[in-house]
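Worth knowing before you read on, the calculation uses all heavy atoms, side chains too, and leaves out hydrogens, waters and symmetry mates. Sequence lines set the chain letters: A, B, ... in the order given, protein chains first and strands last, and positions in each chain run from 1. Model, not experiment: these values are computed from the prediction.
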4 protein chains.
Amino acid sequence: MERKEFEEAAFEAGIKLGALFHQFLGTPVSEKNVEILEKAIESCVMLQPYVVDAEVKISREKLKKVSSFGYTSLMPEMLHARVKVRVGMAEVSAVLEWNEEMNYPLMRLER
Amino acid sequence: MERKEFEEAAFEAGIKLGALFHQFLGTPVSEKNVEILEKAIESCVMLQPYVVDAEVKISREKLKKVSSFGYTSLMPEMLHARVKVRVGMAEVSAVLEWNEEMNYPLMRLER
Amino acid sequence: MERKEFEEAAFEAGIKLGALFHQFLGTPVSEKNVEILEKAIESCVMLQPYVVDAEVKISREKLKKVSSFGYTSLMPEMLHARVKVRVGMAEVSAVLEWNEEMNYPLMRLER
Amino acid sequence: MERKEFEEAAFEAGIKLGALFHQFLGTPVSEKNVEILEKAIESCVMLQPYVVDAEVKISREKLKKVSSFGYTSLMPEMLHARVKVRVGMAEVSAVLEWNEEMNYPLMRLER
C-alpha cells in the first residue's frame, strides 16, 4: 500500500518537472523579468495535483550572456527547480538541475 | 522607406503574437495565479525587440470552467493580447483574440 | 532495491508524459498532418532515457471540429499517449488520457 | 491597397516564425529523428493561413554535440526556417536563422 503511494508520488513528481521544463523553455528572459518569471512558474507548479511545494531558480550568472537585444531565451542550463509532492502518506522531493558533465538537464528523486 | 518600416513593424508584431501564443498555451492557470501569469507574459513580450507596449488578458469568465483539480491549461479561447511595436517611424498595433465564429485565435493588425 | 527501481521508473514515466503534453500542446494539426505529427512525437519520446516503448494517438473524431482555416491547435482532449519505461529490472507503463468527467488530461500508472 | 496586403503578408510571416520557434524549442532531437521532426514542423506551418511554402532545417553539425543520453533539446542555434506567405497579390518570404554575432535567433523579411 505505502509502496504504491511512493510510486504514485514519484510519478507525479516526474510529471511536474517534465511539464515545467517543456512548458517554459524558450521563454524570453533577462535580469528585468527573471523574478516575476520564477514566481509565475512556481505558481503554475503549485496548482497541479499533489504538489506541496515548488521552488524555481533561474541562474543570474548564466543570464549575463544575453543576445545583442539584451535578453535571451530560457535555456536548459539556466534552470533549477525542486518540487515536493505528497500522495497519501508518501512524500517525495525531486530536482531538475543542469549537469555539466552529462550536458543534460538532469531530473532526479531526492533520497 | 517609410513603407518598408511599416512592413518590418507588421512583421515584428506578428512574431510577438505567434511567440506568445505558442510559448504559453497549456500553462496551468486558475484564479489563483492568473494575475501573475498575465504580468509574466507581458514582461516576456516587453523584452523582445521593437516592442513599446504589451497587454495580456486571460478571461476570468472562461477560467471558471476548471477541471476537478481546480485549475485548467491555458487555452486559445481564454487569451487576449495586444502588442505595439515601433520600427523607425512606423508604429503598429496588433491583437490576438478568440473569434467564436471562426473557432480560431485570430491575430490581426489594428488599423 | 527493486522497490527503488520501481520508484525511479515511475518518476521517469511521469517526466515523459509531462514533457510530451507541455511540449506539443498547441501544435497546428488537421487530418492532413496528424499521422506525421503522431510519429514525430513518438520519436521524441523514444529518444529519452529509459523509454522502451511509446505510442501517441490524436483523436480523428475530435480533429473534425476544426477552425474555419481547416485546422486546429492540438488540445488536451485530443491526446492519448502510452509510454513504457524500464529502470534496471523495473518496468512501468503509464498513460495520458482525457478524462471527460474530470475535464482533465489524466496521467496514471498502469497496474 | 497593395501596400496593405504587403503589411498583412509581413504580419502573417512573422506569426509563423514566432509560432514555430516557441512551439518546438526544447523538443528532444538527435540524428535518429531529425528528419521526421523537420517534416512534422513543416507540416504544421503549411496548415496555417496564407502559407504557400515552408522549409525547416535542423543543423546536423550542431546535433553532434549531444548529451550523454545521445540526444539534445532543440536549441535556437540549430534551427533554420523559411516561410513564404501570400495575402492577395502580396507574397512575402521570411527567414529564421541563428546569428552568431548577435547570439540571437534572428527573424527577417527577405527582400
Please say whether more than 12 non-hydrogen atoms of neighbouring residues, nucleotides or ligands are located less than 6.0 Å from NZ in D:Lys32.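 It does not: D:Lys32 NZ has 12 such atoms or fewer within range.
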
Is it true that, when you exclude D:Glu35 itself, more than 12 heavy atoms of the residues, nucleotides or ligands shown sit nearer than 6.0 Å to its CD?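 Counting other residues, nucleotides and ligands, CD of D:Glu35 stays at 12 neighbours or fewer.
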
Distance in Å, A:Ser73 OG paired with D:Glu77 CD, rounded so as to fall on 0.5 Å steps: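 Going from the OG atom of A:Ser73 to the CD atom of D:Glu77 covers 9.5 Å.
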
Reported OG-to-CG distance for the pair A:Ser68 and D:Asn99, which is rounded to 0.5 angstrom: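 Answer for the OG-CG pair, A:Ser68 versus D:Asn99, is 7.0 Å.
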
Report which part of A:Leu106 has an atom under 4.5 Å of a heavy atom belonging to chain D: side chain, backbone, both, or neither.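 The side chain, not the backbone.
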
For a 4.5 angstrom cut-off between non-hydrogen side-chain atoms, does A:Met75 reach D:Pro76?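 Yes; the side chains approach each other to less than 4.5 Å.
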
Does any part of the side chain of A:Glu101, heavy atoms only, come nearer than 4.5 Å to the side chain of D:Ser67, both counted from C-beta?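 Heavy-atom side-chain distance check fails, nothing below 4.5 Å.
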
Closest contact, heavy atoms only, D:Val66 versus A:Asn103: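 That closest heavy-atom pairing would be O-ND2, 3.5 Å.
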
Which heavy-atom pair separates A:His22 from D:Gly26 by the least distance, and what is that distance?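 Looks like CE1-O, 3.2 Å.
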
